[in-house]
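Throughout, protein chains are lettered first and strands after them, A, B, ... in sequence-line order, and every chain is numbered starting at 1.
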There are 2 protein chains.
Amino acid sequence: MATRTAEERRRAEREAYDAYLASCPARQVLDRISDKWVSLVLNALGDGPLRYSGLSRRIAGVSQKMLTQTLRNLERDGLVSRTLTPSVPVRVDYALTPLGESLLPIMHAAKTWAETHIQEIHAAQSTYDQNPPRP
Amino acid sequence: MATRTAEERRRAEREAYDAYLASCPARQVLDRISDKWVSLVLNALGDGPLRYSGLSRRIAGVSQKMLTQTLRNLERDGLVSRTLTPSVPVRVDYALTPLGESLLPIMHAAKTWAETHIQEIHAAQSTYDQNPPRP
DNA sequence: CAGCATCCACCCTGATACTG
DNA sequence: CAGTATCAGGGTGGATGCTG
């Protein structure tokens, strides 16, 4: 039995960690806002409500599938509201909820840090690349 | 020729957007810190320098491949320093650079927001799931 | 101790076609 | 207009085996 101990302990560690990670609020939120389209949609809606087609135009590079998927998730998370107007043709408006708006400052802080320090990062990368630690 | 216009305009839009996204500092930084292991490594090093084995133990669930890869990227970005002591056996210490430390407040802000609002998100999810908009 | 190289399974993404 | 359904490809991460 002892032969499996090491292997199983590893598994146990992994599982425990996975559980820890899965339940970590910071991770959950980071995973969400780091999504390529999520950040773009939140930013777009930060300027005010938009219709589906409006978002599609505003973000341009997004496929319908991804836009819809992103909006569904954001709606599910309570960050975005979806308002359907049963006219002909139908009209759907998306807007940030208060919860969604409360996330904007974080995104903005990240943006600010990025703009402040991105040059240092690029410089570090250049140095690193020109002086490869492993020849 | 006109038949290809729409399709090509789409491509152009996508490419332009890809370029925009790729050059967007906020995106670059978000992509990095949102990495599963990056955030854990930065957090671990936030308490002080650690050796490779120390990190491995501290983070537990990480594979060597991912830990090494993560550390290389962080080193390349100038967020983490790598100090090799040529003893027998070799010893390698990792620590946050000033640049790396300047990132901690952002992570902390995200963490704080997460802890403050995660319940609202969970609540919204429950509501959404129990009342499926699309039957 | 601190890695590197390889292979593989999975998920995410995007393209495409169709609908109320 | 605002989606849904389906399928194929690529990138990501993990397990494994080997080195200075």
d([atom1], [X]; [atom2], [N]) in whole Å:
X      : N       : atom1 : atom2 : answer
Y17(B) : dG14(C) : OH    : C1'   : 17 Å
Y52(B) : dC1(C)  : OH    : P     : 12 Å
E75(B) : dA2(C)  : CD    : P     : 15 Å
Y94(A) : dA2(D)  : OH    : C1'   : 8 Å
L50(B) : dC1(C)  : CG    : P     : 15 Å
R32(A) : dC12(C) : CZ    : P     : 12 Å
M66(A) : dA2(D)  : CE    : P     : 19 Å
N73(A) : dG3(D)  : CG    : P     : 14 Å

(request) Map P89(A) and S63(A) onto DNA chain C by nearest heavy atom, then report which one ends up closer to the 5' terminus. (result) S63(A)
side-chain N/O [X] vs [N] OP1/OP2, d < 4.0 Å:
X      : N       : value
R72(A) : dA2(D)  : no
K65(B) : dC8(C)  : no
W37(A) : dG14(C) : yes
R57(B) : dC1(C)  : no

Among [options], the nucleotide that comes nearest once only the side chain of [X] is considered:
X      : options                  : value
R51(A) : dG3(D), dC1(D), dC4(C)   : dC1(D)
V90(A) : dC1(C), dG20(C), dT13(C) : dG20(C)
S53(A) : dG3(D), dA2(C), dC1(D)   : dC1(D)

(message) Looking at D129(B) and R76(A), is any side-chain nitrogen of the basic one under 4.0 Å from a carboxylate oxygen of the acidic one?
(response) yes
(request) Verify the distance criterion only: is there a donor paired with an acceptor across the side chains of H117(A) and E120(A) at less than 3.5 Å? (result) yes
(request) Compute whether any side-chain donor of one residue and acceptor of the other, for Y94(B) and T83(B), lie under 3.5 angstrom apart. (result) no
(message) I'd like to know if the side chain of S56(A) reaches the main chain of S53(A), judged simply by a donor and an acceptor atom lying under 3.5 Å from each other, with no hydrogens or angles considered.
(response) no
(request) Answer yes or no: is there a donor N or O on one side and an acceptor on the other, between the side chain of T97(B) and the main chain of G78(B), under 3.5 Å? (result) yes
